[in-house]
Every structure is written in structure tokens, then in C-alpha cells.
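Read the structure below first, then the notes.
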Protein chains: 2
Amino acid sequence: MKNKRDLLLQTATQLFSQGGYNAVGIDRIIAEAGVAKMTMYKHFPSKNALILEMLNARDESFMQSLTQYIDQQSSFFEKMKALFSWHHEWFNDKDFHGCLFINASAEFHQPDNDIYKRSSQHKQRLIHYIENLLTEIYAHQQAKKLAIQIEILLDGAIIAAHVIGHLNSAMEAWDIAQCLIDFKQEN
Amino acid sequence: MKNKRDLLLQTATQLFSQGGYNAVGIDRIIAEAGVAKMTMYKHFPSKNALILEMLNARDESFMQSLTQYIDQQSSFFEKMKALFSWHHEWFNDKDFHGCLFINASAEFHQPDNDIYKRSSQHKQRLIHYIENLLTEIYAHQQAKKLAIQIEILLDGAIIAAHVIGHLNSAMEAWDIAQCLIDFKQEN
DNA sequence: CATAGCATACAGACCTGTCTGTTTATGACT
DNA sequence: AGTCATAAACAGACAGGTCTGTATGCTATG
């Protein structure tokens, strides 16, 4: 049997993803995880704390999975392409229910809310990673601007996949990115 | 005094926008609107029905405002630019709390949920409108593909503005669009 | 024996939707 | 113009359910 804390985080990730944060209660999470309520409250002092820790874990596994996927490629062009095809695979997973951070922002968007701030942080971390990828080709200033634009493409693709059900959106976004990025300087 | 039904819809729009759908209760809506609970339940049989009607009204006013704004322009280039600058103004409104339809999809994303279906419908309606704009320049097939890509740009900009707080995202998206669209055929 | 986890009940708050009875506005007829 | 019937909105209590978080004992395993 797994560590109860990780089991709770994993169950919470799945249920919050499927049902939303406010709609899914503590009782359902502990029932699905097969864990007593007191065990959960020993590991996480509140539901909000559970959500925050779950987002932390998700941020970590998201970035790790993405970077590993991209690191398999060597050329700049292939790396950028991998950035989009990783998203394509994500959207076409049967358990895709949108981005946990975007969805969290939808439910908790008071500026001082920790969950909201954590979601924003995740997106900024991703932008920063993309920016680093781009510095292989671009100057600092331009990489910064392009990173934000690519993040716009990726988030737009997430929404198109989730809300509209357009499961090819990541490839559409990649089309746009190719038109946006100048690959001529490629090494 | 206004029509109570419209007053309720307007109050619901504001409160759901600020606080989210599940977090805002009926009691708070009727209190803010200064309307009795039975009056609300006479106009809308349930909270879900209120949300649906509110989304209908928002869809209508959204499209009307956008199309009026765009119709002020005559050239294709200026119309496309207006599409993005309308969004820019929206994001920089002090009452901007993200897209009501994206946020609704985040809270209700069971495939058979009416609210989810309504949200998807709104996005599709917008895509269709953009597609019509594009047919001025492009062939049917290409306009269809481009419309989806531009919708990806707009939704990405919404997320960047709402989640990351990047209030210039609409203009960044417009930059991308200009690189995507061929204006040489402009009349 | 001690620690971790179990089951379950409970308090208190809140939520949706219903019920009742009162007040106000409207509008038609004399 | 004045009167009265009808409809709409009002206030507020209430039922039944759900939610979070706490408290209490019991069990099993090392």
C-alpha cells in the first residue's frame, strides 16, 4: 500500500480534475482513497491546504514530464515541436479535464487567494521555461516576448480542447507557432 | 425600477463573475438585487436555470457589443484589429474576472451538463462569426481553419489576462494574428 | 506498548428550494 | 375619478440536505 499522503494527493487530483474544486467534498475524496477523515486532516490542516499541496505536486509532475519529453530532442525546432505535441498527447488522454490551474483560477479568483496565486505562479514558471528554450536562438528581450506569446498559444489550445472539444488544437497552435518563430537561425 | 427578471440576471452576472458559480449562493444574489426569494424562483425554476439564462443573456450582449464594435470598421485589416482591441478593452475593464463561459466550463464539465454545453456553444458561435469575417478574404476551407486558430489566440489571451494578469495579452495575440493572416489580398 | 489508521458521530454553518401570509402595484369597470 | 379584483413582489421562517472540521473510541501492526 502506498503512502497515505500521496494516495490522498493522487485521489484529490483525479476528483478535483473531474468534478471541480467546490463541487467535490472532503468526504468523497477520503471515501475514494479509502482513508479515514482524521488521517486526511492529520496530513492536511484544511481542504484549501490539500488543494494547494495538490497543485504543488501537479506543478512538479507537470514540469518534470514536459521537460523530460522535450529533452529527448536535440534541435531547437524539434524541441519546440515537442512542446506542442506533449500538449497534444495530454489533450487526447481520456482523463483530460482541462488545466487544473486554469480551473482553479476560475473558482478562486480573488487576488489575495493562495490558490489563485499558486495557479498564476505555475503559468509563470512555464513561461520562464519556454523563455529559456528560446534563448538558444533569440536575444533576451525577444525571447521574453515570444515566451509569453507561445504561452498564449498553449493556453488557447487548452481552452479549445476543453471547452470546445477541439482535440487537435495543440497542432493548430503548433501551426501558428511555426509561423511565429523564425527557424532560419537554427543551429 | 427595472424589470425584476433583468435585475436578477444582471446581479447574477456580476456576482458569479466575481465569486464563481458554486461559491455564490442564491441568498446573496437576491440580497444584492433586493428581490424576494420567491420572486426569483418564479422567474427561474432553479439556480442552474438562472445560470443558463444568465449565460444566454451574456452571449447575446457579448456578441452584440463585439459585432457593433467591429462593424464600425470598413477594411478587413481594421476589422480584424478591432476584434483584438475589443478584447483588449475588455481585459482592462476593472470588472474583468475572466470569461464567464470558460469559468463555467471549469466548474461544470460533465459532458451532459447543460451549462457546459451552453459554454461550448458560445465559443462555437464566436468561431462562426470570425469565420464569416474571414470569408471576405479567404476560401471557405481556409477560413474555417483560420477561425479556429484565431479563437485559440483570443482564448489564450483571456487566460493570460485572467490567470497571469498580463493585461496586454490581447495586443500580443494581435501581433501573432498579424503574422498568421495574409493581408496582401486586402481590398 | 505505541503509532498510525480506522469508523462514526457530531457541531455548526450554509445551501437550495418550499411554504405562508402580507403588502403593493396594476388595470378594468362603473 | 373612484373602487375593487387580480397579480406580483415582499419578508421571513422552515425543511432537508451537504459541507467542513472536530471529537471519540477502536483496531491492527510493528
Side-chain angles (χ1 to χ4, degrees), chain A residues 1-56 100 103-104 106-110 112-116 118, chain B residues 1-55 57 100 103-104 106-110 112-116 118:
Chain A
M1 177 74 72
K2 293 181 75 164
N3 176 5
K4 299 287 174 187
R5 189 191 143 95
D6 290 345
L7 179 61
L8 279 165
L9 284 176
Q10 179 189 317
T11 310
T13 304
Q14 196 193 338
L15 290 183
F16 285 141
S17 180
Q18 279 173 22
Y21 296 95
N22 279 301
V24 170
I26 292 291
D27 286 343
R28 207 170 136 213
I29 293 171
I30 60 172
E32 202 97 358
V35 158
K37 190 177 262 193
M38 280 316 289
T39 305
M40 186 243 132
Y41 273 103
K42 201 158 283 177
H43 285 295
F44 308 98
S46 68
K47 184 184 180 181
N48 270 14
L50 171 65
I51 295 175
L52 268 178
E53 289 296 312
M54 184 270 273
L55 290 178
N56 281 337
L100 277 170
N103 293 352
E107 295 201 50
F108 312 96
H109 49 220
Q110 293 71 22
D112 58 340
N113 186 302
D114 285 337
I115 296 171
Y116 171 72
R118 191 65 190 77
Chain B
M1 177 75 73
K2 293 183 75 164
N3 176 4
K4 299 288 175 186
R5 189 190 144 92
D6 290 345
L7 180 60
L8 279 165
L9 284 176
Q10 179 189 318
T11 310
T13 304
Q14 197 193 337
L15 291 183
F16 285 140
S17 180
Q18 280 174 22
Y21 296 94
N22 280 301
V24 171
I26 293 290
D27 286 343
R28 204 169 138 213
I29 294 172
I30 60 172
E32 202 98 357
V35 159
K37 190 177 260 191
M38 281 316 290
T39 306
M40 186 243 133
Y41 274 102
K42 201 157 283 178
H43 285 295
F44 309 98
S46 67
K47 184 183 181 182
N48 269 13
L50 171 63
I51 294 176
L52 267 177
E53 290 297 312
M54 185 269 274
L55 290 178
L100 276 171
N103 293 351
E107 294 201 48
F108 313 95
H109 50 219
Q110 292 72 24
D112 58 339
N113 186 301
D114 285 337
I115 295 172
Y116 170 73
R118 191 65 191 78

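In what follows, every chain begins at residue 1, and chains take the letters A, B, ... in the order their sequences are listed. Keep in mind it's a predicted model, so treat the numbers as computed, not measured.
Across all their heavy atoms, M40(A) and L8(A) have their closest contact at CA-CD1, 3.7 Å.
Here CD1 of I30(A) is found 12.0 Å from NZ of K4(A). Values are rounded to the nearest 0.5 Å.
Side-chain atoms of K37(B) and base atoms of dG12(D) include no donor and acceptor less than 3.5 Å apart. Under 3.5 Å, the side chain of K47(A) and the base of dG21(D) form no donor-acceptor pair of N or O atoms.
Atom NE2 of H43(A) and atom C1' of dG5(C) are 9 Å apart (whole Å). Following rounding to the nearest Å, L7(A) (CG) and dA4(C) (P) show an atom-to-atom distance of 17 Å. Whole-Å rounding puts the I29(A) CD1 to dT18(D) C1' distance at 15 Å. One atom, CE of M38(A), and another, C1' of dT3(C), lie 14 Å apart when rounded to the nearest Å. The distance between atom CE of M40(B) and atom P of dC15(C), rounded to the nearest whole Å, is 14 Å. Rounded to a whole Å, the CG atom of L8(B) is 13 Å from the C1' atom of dA8(D). Taking atom CD1 of residue I30(A) and atom C1' of nucleotide dT22(D), one finds them 13 Å apart after rounding to whole Å. In this structure, CG of L50(B) is placed 10 Å from P of dT16(C), rounded to the nearest angstrom.
Judged by distance alone, with hydrogens and angles left aside, the side-chain atoms of E107(B) form a donor-acceptor pair with the main-chain N or O of N22(B) at under 3.5 Å. With H109(A) contributing its side chain and S17(B) its backbone, the two residues share a donor-acceptor pair below 3.5 Å. The main-chain N or O of L100(A) is found under 3.5 Å from a side-chain atom of Y21(A) such that the two form a donor-acceptor pair.
Listed candidates were dA9(D), dT20(D), dC6(C). Nearest to the side chain of K4(B) is dA9(D). Picking from dT20(D), dG21(D), dC6(C) the nucleotide with the shortest atom distance to the side chain of I26(A) gives dT20(D).
The side chain of T39(B) contributes no N or O atom lying less than 4.0 Å from OP1 or OP2 of dA8(D).
In this structure, K42(A) reaches neither bases nor backbone, as no heavy-atom distance under 4.0 Å exists between it and the strands shown.
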